[in-house]
Amino acid sequence: SPVGTVSTAKFPPTLASITFPAPPTLPKVIVSKDDIQNNVAAYETLLSAAATLRTALAAVAQAENQFGSALEACAKCRGASESEDGLSGAAGLQYLAANHHRILSESFTKGFELPVRTEVDTYAKVTKEHEEKFQKETISRTKQLRKTEKQHVKLGKKKQRNLALYRSALMDLTSQVDGLETLKYEYFKYSLDITQDISAKILKQATGIVRAEVEIFEGIARKGWTGEGLDDILSNSIDPFAPEE
């Protein structure tokens, strides 16, 4: 008998013949809703600590000014004689330290607190909106998935099945499940990305404060170098950090 070719164009594809793309793998680091709330709480604590430090630095600057003023007054006392220059030099160092601490205190406002506050408020707002959108979309897709599942069960219970319709429903069901997995992936990926972004921005502001602290304390330390006006005071001073005999 002659060998003929049978066209498969009229037959629907089987499920085994269809390749579905694998759902994306969730990020290695999962940032959940609770994690985001904990993050916001940590950022708020950081801002509170920065405000406390700023206030303390301003108080230190004021106290150093008062101490320097008192030393200067002692230098002008009648009979101070040979101690006058030393007391004046000690007062000058206090004024310098006070000015540096005042600058450092002021740098916290514009250089740290204000920009970080903006980022934290944005992070809290955007992540909340993202969470609400995710929950709404998940509920909507889950309802549709259950509806499709019921239809698929009905088709499976029929004595005479329409295979083409049955396969189509099964494909639709698989596609919806994959869609939910993709939605979950996008949610966690965005949560991780935005958290990494705000962490990097906070680090950037913190490095500015660290740089300011190093520069300022180095400026104070330079007053102890030879020829900076404190030679006599330092040469005759007792090391306050030397171990006691």
Side-chain angles (χ1 to χ4, degrees), residues 37-125 195-245:
Q37 291 177 347
N38 292 335
N39 292 347
V40 172
Y43 302 150
E44 292 291 348
T45 300
L46 175 65
L47 286 167
S48 177
T52 299
L53 180 55
R54 167 176 50 81
T55 302
L57 287 169
V60 167
Q62 184 178 4
E64 286 171 331
N65 258 322
Q66 292 173 349
F67 185 48
S69 179
L71 285 170
E72 191 173 33
C74 291
K76 295 178 180 179
C77 286
R78 185 180 294 275
S81 303
E82 296 179 358
S83 300
E84 180 179 350
D85 290 342
L87 289 169
S88 295
L93 180 65
Q94 299 308 312
Y95 290 141
L96 176 67
N99 185 55
H100 280 38
H101 280 111
R102 178 185 58 79
I103 294 172
L104 185 57
S105 174
E106 292 174 352
S107 70
F108 266 86
T109 303
K110 293 182 180 180
F112 189 83
E113 293 177 81
L114 290 179
V116 172
R117 165 54 62 194
T118 299
E119 295 299 335
V120 171
D121 289 345
T122 300
Y123 177 78
K125 178 183 178 182
T195 299
Q196 290 177 332
D197 182 62
I198 189 175
S199 296
K201 289 177 178 177
I202 291 176
L203 173 60
K204 181 180 179 180
Q205 302 306 139
T207 54
I209 291 297
V210 170
R211 178 66 180 270
E213 289 176 323
V214 170
E215 294 288 345
I216 283 173
F217 291 124
E218 280 187 349
I220 296 175
R222 277 195 292 270
K223 287 295 292 182
W225 294 359
T226 303
E228 291 296 325
L230 297 178
D231 299 44
D232 292 338
I233 293 178
L234 294 177
S235 63
N236 296 318
S237 66
I238 299 173
D239 185 356
F241 303 109
E244 296 182 3
E245 298 181 358

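All values reported here derive from a predicted model rather than from experimental measurement.
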**Request:** Report the distance from atom CZ of Arg117 to atom OG1 of Thr122, rounding to the nearest 0.5 Å.
**Result:** 10.5 Å
**Asked** Are any of the side-chain heavy atoms of His100 and Glu215 separated by less than 4.5 Å?
**Response** no
**Prompt:** Which residues pass the side-chain hydrogen bond (donor to acceptor under 3.5 Å, both in side chains) test with Asn99, sequence neighbours left out?
**Reply:** Arg102
**Asked** Using 4.0 Å as the upper bound for N to carboxylate O, is an ion pair formed by Lys110 and Glu106?
**Response** no
**Prompt:** Between Glu213 and Leu104, is any pair of side-chain heavy atoms under 4.5 Å apart?
**Reply:** yes
**Request:** Let me see the working for Tyr43 and Ser199 under side chain to side chain contact (heavy atoms under 4.5 Å, CB included), right down to the final yes or no.
**Result:** CA-CA 10 Å; Tyr43 302 150; Ser199 296; 3.8 Å; yes
**Request:** First locate atom OG of Ser88, then atom CD1 of Ile233, and finally report the distance between them rounded to the nearest 0.5 Å.
**Result:** 9.0 Å
**Request:** Enter the distance from Gln205:CD to Thr118:OG1 here, rounded to the nearest 0.5 Å.
**Result:** 9.5 Å
**Asked** Is the backbone N or O of Leu57 less than 3.5 Å from a side-chain atom of Ser105, with the two atoms forming a donor-acceptor pair by type?
**Response** no
**Message:** To the nearest 0.5 Å, what is the distance between CZ on Arg211 and CD1 on Ile216?
**Reply:** 12.0 Å
**Heavy-atom side-chain proximity of Phe108 to Thr55 below 4.5 angstrom** = no
**Message:** Nearest 0.5 Å, please: how far is CZ in Phe217 from NE2 in His101?
**Reply:** 4.0 Å
**Request:** Walk me through it: do Asn65 and Gln94 pass the test side chain to side chain contact (heavy atoms under 4.5 Å, CB included)?
**Result:** CA-CA 6 Å; Asn65 258 322; Gln94 299 308 312; over 6 Å; no
**Tyr95 versus Glu72, side-chain donor and acceptor atoms under 3.5 Å** = yes
**Item:** Spacing of Glu119 atom CD and Leu47 atom CG [to the nearest 0.5 Å]
**Value:** 11.0 Å
**Message:** Under 4.0 Å between a side-chain nitrogen and a carboxylate oxygen: does that hold for Lys125 and Asp121?
**Reply:** no
**Asked** How about Tyr123 and Asp197: does a side-chain donor come under 3.5 Å of a side-chain acceptor?
**Response** no
